[in-house]
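Just below is one structure, and these are the notes that go with it.
Sequence positions, counted from 1, serve as the residue numbers for this chain.
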Amino acid sequence: MSEPHARLAAAAGGVREALDRWARDEDFWLRRTALLALLPGVRAGTPDLPRLSRYADAMLDEREFFVRKAIGWVLREVSVRDPGFVAAWVRERRPRMSGLTWREAVRRLPAGTV
């Protein structure tokens with residue numbers, strides 16, 4: 001992730017509101033960026049799981065490859081520290097998930113978890 005994304009994700013207040021707007025934007029690149037902006041918190045051990053769930057739930061039916069990949073990517077990173085969250089999240093939503101999102105999300109989960 002680039003330094004501007006990391007700075008954006010680390011900032012408070014108005015940035016969260018901007019990310020919430022981006023997550024609903026018509027431009028898939030902005031939607032994808034809203035998801036990826038959550039990665040610094042995930043990697044620092046302070047993931048915003050409610051926000052991730054909100055964004056990913058809203059985008060789960062997305063047809064755009066890069067958004068599908070981003071959802072799986074962020075979930076995969078969460079699974080490093082919180083495999084239980086990811087396993088439960090993907091189990092509940094499996095019928096709606098693309099194969100790409102599924103593969104990315106469960107890649108690091110222990111065998112037999114989902």
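Under the ring-ring contact (aromatic ring centres under 6.0 Å, His included) criterion, Phe65 pairs with no residue, sequence neighbours left out.
One finds the CG atom of Leu19 at 10.5 Å from the CZ atom of Arg54 (value rounded to the nearest 0.5 Å). Here Arg24 contributes atom CZ and Met59 contributes atom CE; the two are 10.0 Å apart, rounded to the nearest 0.5 Å. Distance check: Trp89 CH2 to Ser79 OG gives 13.0 Å after rounding to the nearest 0.5 Å. Put simply, CG on Asp20 and CG on Asp25 are 12.5 Å apart, with the number rounded to the nearest 0.5 Å. Note that the CZ atom of Arg68 and the CD atom of Glu62 stand 8.0 Å from one another [nearest 0.5 Å]. How far CZ of Arg81 is from OG1 of Thr46: 8.5 Å, rounded to the nearest 0.5 Å.
The pair Glu77-Arg108 meets the salt-bridge criterion, since a charged nitrogen lies less than 4.0 angstrom from a carboxylate oxygen. Using a cut-off of 4.0 Å between Lys/Arg side-chain N and Asp/Glu carboxylate O, Arg32 and Glu64 are scored as not salt-bridged.
A side-chain contact (heavy atoms from CB on, under 4.5 Å) with Met97 is found for exactly one of Val106, Asp61, Leu60, namely Leu60. Of the residues Val114, Ile71, Leu75, the one that meets the side-chain contact (heavy atoms from CB on, under 4.5 Å) test with Trp102 is Val114.
A donor-acceptor pair under 3.5 Å is formed between the side chain of Arg103 and the backbone N or O of Gly99.
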